[in-house]
K.L.:
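The structure follows.
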Amino acid sequence: MKDSLLLSPARWAAGTVRLPGSKSISNRCLLLAALASGETEIRDLLDSDDTEVMLAALKALGVSIEACGDQAIRVTGVAGSFPVKQAELYLGNAGTAFRSLTAALAVSGGHYQLSGVPRMHERPIGDLVDSLRTLGADIRYLGGEGFPPLDIHPGSVRSGSVAVRGDVSSQFLTALLMALPLTGQAVEIEVVGELISKPYIEITLNLMARFGVTVTRSGWQKFAIAAAQRYRSPGVLYVEGDASSASYFLAAAAIAGGPVRVLGVGAKSIQGDVRFAEALEKMGVEIETGENFISARSPRTGKLKAFDADFNHIPDAAMTLAVVALFADGPCTLRNIASWRVKETDRIAAMATELAKLGATVAAGEDYLRVSAPVSLNPNVAIDTYDDHRMAMCFSLIALGGVPVVINNPGCVAKTYPGYFADFARIASPVIAIDGPSASGKGTVAALVAERLGFHYLDSGSLYRLTALAATRAGIAWEDEAQVAGIAAKLPAEFSGAKILLAGDDVTLAIRSEECSKGASIVAALPAVRAALLDRQRRYRQAPGLVAEGRDMGSVVFPDAVLKVFLTASAKARAERRHKQLIEKGMSANISSLLRELQERDARDAARSVAPLQKCADALLLDTTELSVDQAVTAVLEQVDLLSDATNARP
Ligand code: DC
């Protein structure tokens, strides 16, 4: 990926996003499946840097892991003891992998060295090491006291009780909980200090239970693991979508209209970060939650309400709220977020610095952040991301404030969400697909809707017309599928204002000729030609959005279009419109023959096997027989307003 990414201004976020798998669940499942007896098939596993680190480490420890089908892997568990007893593991900046492997390897009876990126060596681990040492583990520091890299020797871990600090990182407790059942002995863990990020402990306990180990918990202070429990494979396990990743899209809807729906998390989610939606709801955002989805849209009236709240339970998703604060009706305060300071970067400092660059007034304390929005956001700010995936994803939302923003080192999102910017671009550039029979006025209406919304416009029919003309010029028959597809793939066409150029020639009028219409309808029926034009059409989708007109816009090219409209009118009305057009152009025309031609064309279009003319099941039917062009445009825009908050969607 490039060193920086410029995100164009956008105003309306809408659409559906299938979330990548949860990082927290993926890495816990991988370790538990590796330690269990039996084979575990893990489906919908997150494919990212952090899971790659865990997978590589487990393989190096002798665990057999193989792909089985799309987004699924099969892990053959080692029944409690890694076969490889000596290894050097590099764990990048994956905190979930580093902390949990430290504990698991401390009880594994081998000699292991664990290291990571320089930032990993600044992230504390001393409290976990101290706890493991009291149980008899032999762990030494290879660098600074209390920090990675670590040198783990075979120890003799005893049963008993152990204390662990809960107020620095909940990952220390997670690591102990997952590792100590391997000793087969009864253990009691006592948490010292207020336990932070409690929902992450719930994920841990939930997944341990799926692998057959139960923990008895008294409040959030004491956790007891009975003796002689063993991890056993649950067989098949599905990883939920990542609730922290969901926060960016729900926030996008909150800022810029919506509706945005995320798939993969919902009412039954075991991830604490789904409670991010509650925080948005308190700001006035409309939230709908289903079993496997959450959707959001902006408040119907007024701005987002300011907040002053404790976000200890959702430390990762709360970062997103620091950026949403820029769109609130007053200063917003995020409290009890001290854990931010020991994450991928010092997130309180990083947030404060970057928000200030945008013009915000920010007060940052040891464990809080207060954000007051500027009157207007500074455009073209280059956001530094500190090798922190969440900084990059959070600040992409600035583009939805209608200002361009530059994200430095955008590739850092690969830690948890390699496809983030592609998904963000899709929801930040919604598509309105418009189709309809010949002379229904779809071209005129679509172009005007695009103009009124300030959207890009794709007249897909012109691409087929251009292909037909280019074929004629190259002396290729319209029926020659392979040759015409070759032409379509490299079509030297340019749209320059109202002009359409083919290899530099102005062909605006030429492609509208009867001859070209005939050729277009022949080449458009060739599947290879349609395939050749597919990517080209999809590239028209750019912020702030696209109105795409033509046959398969809503069904094939942009099936996720937020609004699909099928414009129609009676054949008589269409014949009259065409007649008027021709007369105005000074051409002679006869209504009854135009009517007959249209009816014949409708029949042919509806019957053809490739991209036949038909209304998509999810398209809205708009009969314009009795409507003027203006009324038809207004009717489409009303649908846009119904979907989103009008004030956000309109320039
Ligand atoms: O919309 P139009 O008349 O300019 O379209 C020219 C031809 O291309 C017409 O026969 C329909 C066909 N077409 C298509 O098959 N798929 C599209 N997306 C657009 C047009």
Side-chain angles (χ1 to χ4, degrees), residues 431-450 456-472 478-479 481 484-485 487-489 491 493 495 498-500 502 507-541 546-559 561 564-569 571 574-575 577-578 581-582 585 594 597-616 619 624 632:
V431 175
I432 297 170
I434 299 185
D435 191 14
S438 186
S440 61
K442 62 184 192 297
T444 316
V445 170
L448 284 168
V449 168
H456 302 277
Y457 170 55
L458 166 63
D459 162 15
S460 61
S462 67
L463 293 175
Y464 293 100
R465 291 172 178 273
L466 284 159
T467 301
L469 183 60
T472 305
W478 291 328
E479 291 78 7
E481 183 163 359
V484 178
I487 287 200
L491 202 60
F495 293 80
K499 274 196 198 152
I500 301 178
L502 183 63
V507 294
T508 320
L509 286 179
I511 60 162
R512 299 286 152 198
S513 69
E514 257 324 292
E515 183 68 0
C516 250
S517 299
K518 194 167 143 214
S521 98
I522 292 170
V523 302
L526 305 172
V529 173
R530 302 196 77 83
L533 289 173
L534 191 60
D535 276 348
R536 181 177 195 131
Q537 296 177 87
R538 288 191 174 146
R539 283 199 294 274
Y540 277 82
R541 178 185 204 157
L546 173 69
V547 178
E549 177 235 314
R551 195 56 44 86
D552 54 351
M553 294 299 103
S555 56
V556 176
V557 185
F558 303 109
K564 300 176 187 177
V565 181
F566 191 83
L567 277 190
T568 186
R574 288 185 284 133
R577 287 175 193 167
R578 173 70 34 102
Q581 261 176 5
L582 293 173
K585 282 188 194 160
L594 282 171
E597 269 167 37
L598 273 178
Q599 284 166 329
E600 280 166 16
R601 182 149 5 150
D602 284 356
R604 243 189 354 257
D605 270 0
R608 88 182 200 205
S609 61
V610 179
L613 174 67
Q614 53 187 233
K615 181 180 120 21
C616 267
T624 65

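Since the model is a prediction, treat every value here as computed from it, not as a measurement. Only this structure's heavy atoms are used, side chains among them; waters, hydrogens and symmetry mates stay out. Index from 1, following the sequence. Whatever order the structure lists them in is the order used to number ligands and atoms, beginning at 1.
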K.L.:
Would you mind writing out a table of all protein N or O atoms found under 3.5 Å from any N or O atom of ligand 1, naming both atoms and giving the distance to 0.1 Å?
P.N.:
from, atom 1, to, atom 2, distance (Å)
ligand 1, 3 (O), R465, NH2, 2.9
ligand 1, 4 (O), R465, NE, 2.7
ligand 1, 4 (O), R465, NH2, 3.4
ligand 1, 15 (O), R530, NH1, 2.8
ligand 1, 15 (O), R530, NH2, 3.4
ligand 1, 15 (O), R608, NH2, 2.7
ligand 1, 16 (N), R530, NH2, 2.9
ligand 1, 18 (N), S460, OG, 2.8
ligand 1, 18 (N), R551, N, 3.1
ligand 1, 18 (N), D552, OD1, 3.1

K.L.:
Any chance you could measure L491, atom CG, to T467, atom OG1, to the nearest 0.5 Å?
P.N.:
4.5 Å
K.L.:
When rounded to the nearest 0.5 angstrom, what distance separates CG in L598 from CZ in R578?
P.N.:
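Reported value, rounded in 0.5 Å steps: 6.5 Å.
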K.L.:
Using side-chain heavy atoms (C-beta onward) and a distance below 4.5 Å, is F566 in contact with P437?
P.N.:
yes
K.L.:
Taking atom types as modelled, find out whether R577 and T624 have a side-chain donor-acceptor pair closer than 3.5 angstrom.
P.N.:
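Note: R577 and T624 side chains meet the donor-acceptor criterion.
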K.L.:
Rounded at 0.5 Å granularity, tell me how far CZ in R539 sits from CG in L458.
P.N.:
11.5 Å
K.L.:
Could you tell me if the side chain of D435 sits less than 4.5 Å from the side chain of L613, heavy atoms only?
P.N.:
yes
